[in-house]
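To start, the structure under review is shown below, and the notes come after it.
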Amino acid sequence: MSTTFSSRPGFILSSAGSAIGLGCIWKFPYMATQHGGGAFFLVYIGLALTLGLALMSTEMALGRATGQGICGAFRSLGNRRWQAWAYLPVATAFIIMGFYCVVGGWSLAYVAGSLRGEVVGKDLTLLTSRFNALIANPGMAVMWMAGFLALTAAVVLGGIQRGIELMSRWLMPLLFVLMLVLIVRGVTLPGAWEGVQFLLRPDFSGFSFGTLLAVLGLAFFSLSLGMGAMVTYGAYLKPESDLPASAGWVVALTLLVCLLGGLLVVPPAFALGIGTQAGPGLTFISMPAIFASMAGGEIFAVLFFVLLLVAALTSSVSLLEVCVRFGIDELGFGRRKAVLIASAGMFALGVPAALSFSLMSDMTLSGRHAFDFMDHITSNIMLPVGGIATAVFCAWFCWHDLAAQLRHQDRSRSRLLLGARIVVGIVAPLAISVILLQGA
Ligand code: TRP
């Protein structure tokens with residue numbers, strides 16, 4: 001593989017760009033509020049630092065050992081039977097994108113709304129009805145979803161390096177700074193402090209296996225694990241970089257942004273009096289309350305939604321790229337054709353997801369409309385199963401090749417490696433299986 005990331009920070013920022021997205025700023029806050037706040041967050045940190053870190057390191061090692069994406073990696077280090085696992089990540093990426101581009105579309109719509117000065121407001125009823133009007137309008141929902149998908153396709157078509165990498169390098173740090181500023185404003189709103197306490201005080205009274213499954217699913221989703229996204233990035237990491245340390249950086253940055261996302265979105269929700277009931281609309285309903293109480297709030301609103309859109313794009317690009325690579329490597333398509341076909345498929349899935357809040361709200365699969373169903377099967381089933389498969393494969397079929405990647409310079413790290421192998425080969429598959437079976 002001749003292309004590598006130019007520097008270790010470049011690699012870390014790009015991987016973090018894939019991980020940090022709607023998971024941290026949209027999904028984490030509303031899930032944490034639905035599942036009891038502090039306890040959910042604490043378990044999330046625990047899972048991310050153990051299973052998450054170990055799996056992220058091995059996924060990256062798998063990529064660097066083979067110089068290929070997940071299909072190629074399974075093929076070159078495994079056998080024909082393992083190769084069949086290559087279909088799972090592609091299917092997963094497709095389905096995630098189906099609902100991801102709906103939420104990306106909401107962000108795009110809010111960018112447009114904030115430019116027209118129509119986002120900022122203090123009144124909860126008004127903010128909620130604005131959000132509901134957007135998602136319940138079939139034409140709008142599909143149009144914004146398609147717009148987000150088209151943006152993603154344009155970036156993937158135009159080349160990731162110059163487009164997305166440059167963009168994330170400049171705009172992700174800006175997002176970070178902006179979040180800090182907005183948090184300071186948000187937590188000082190009257191009534192907001194209760195939200196901070198809710199988010200940080202662990203209360204395990206309502207905690208169940210179902211909650212554990214939800215945390216696990218979110219950990220995979222937010223760290224982009226379980227479908228080989230990090231394998232692809234690892235393939236571009238220079239041989240001399242310290243791999244576990246890089247993985248540690250990516251996990252730490254993602255955790256940090258999730259914490260910031262929670263502190264950003266949850267306190268104003270308490271200030272508005274929505275408390276814990278808003279669900280997926282939470283970010284879009286509670287943020288305008290911060291803007292309404294700031295000087296220059298209209299400008300901050302534009303800035304925030306543009307940056308949210310960028311965070312979503314740097315992630316959706318990695319999802320589309322997984323499918324595009326599959327088309328190029330396994331089906332022999334050219335890049336253009338692969339992008340077109342993959343996006344068309346994603347659009348086909350995106351339509352029912354976008355219409356889940358209007359025309360198709362009654363069409364359900366096991367009690368869930370299309371949007372929820374796609375979210376549920378990917379986070380709660382496909383990503384964990386993909387994680388188990390990758391873990392078993394790495395620890396028991398090609399550990400020797402991976403261990404060479406996890407060492408750094410002449411340090412043998414034998415204890416660290418043994419620990420990692422136990423976590424990846426035994427603890428992770430067992431723990432994920434138990435959570436899956438009990439939580440389902
Ligand atoms: N991690 C991204 C987010 O939090 C979503 C994402 C991008 C993803 N690539 C992935 C999730 C691969 C699972 C697997 O928004």
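Ligands are counted one by one from 1 in listed order, and the atoms in each one are counted from 1 as well.
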Atom indices of ligand 1, in the order listed, that fall short of 4.0 Å to a heavy atom of [X]:
| X | answer |
| --- | --- |
| S222 | 1 (N), 4 (O) |
| L22 | 15 (O) |
| M227 | 12 (C), 14 (C) |

In the protein, which heavy atom is nearest to [atom], and how far is it?
| atom | answer |
| --- | --- |
| atom 7 (C) of ligand 1 | S224 OG, 3.4 Å |
| atom 15 (O) of ligand 1 | Y100 OH, 2.5 Å |
| atom 1 (N) of ligand 1 | F221 O, 2.7 Å |

*Mind checking whether G23 has an N or O less than 3.5 Å away from an N or O of ligand 1?*
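Among all N and O atoms of G23, at least one is under 3.5 Å from an N or O of ligand 1.
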*Contact check: F220 vs ligand 1, nitrogen or oxygen atoms, below 3.5 angstrom*: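 No, since none of the N or O atoms of F220 sits under 3.5 Å from an N or O of ligand 1.
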Answer yes if the side chains of [X] and [Y] hold a donor-acceptor pair under 3.5 Å, and no otherwise.
| X | Y | result |
| --- | --- | --- |
| D372 | H376 | no |
| T211 | S208 | yes |
| Y233 | S224 | no |

*Donor-acceptor under 3.5 Å (T58 side chain, L402 main chain)*: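 No: the side chain of T58 does not pair with the backbone of L402.
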Is the [X] to [Y] ring centre distance short of 6.0 Å?
| X | Y | value |
| --- | --- | --- |
| F326 | Y87 | yes |
| F371 | F99 | yes |
| Y30 | W26 | yes |

*For atom 4 (O) of ligand 1, which candidate among A19, S315, S318, S18 holds the nearest heavy atom?*
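Checking each option, the heavy atom nearest atom 4 (O) of ligand 1 is found in A19.
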*Contact between W26 and ligand 1, counting heavy atoms under 4.0 Å?*
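For ligand 1, residue contact (heavy atoms, under 4.0 Å) with W26 is absent.
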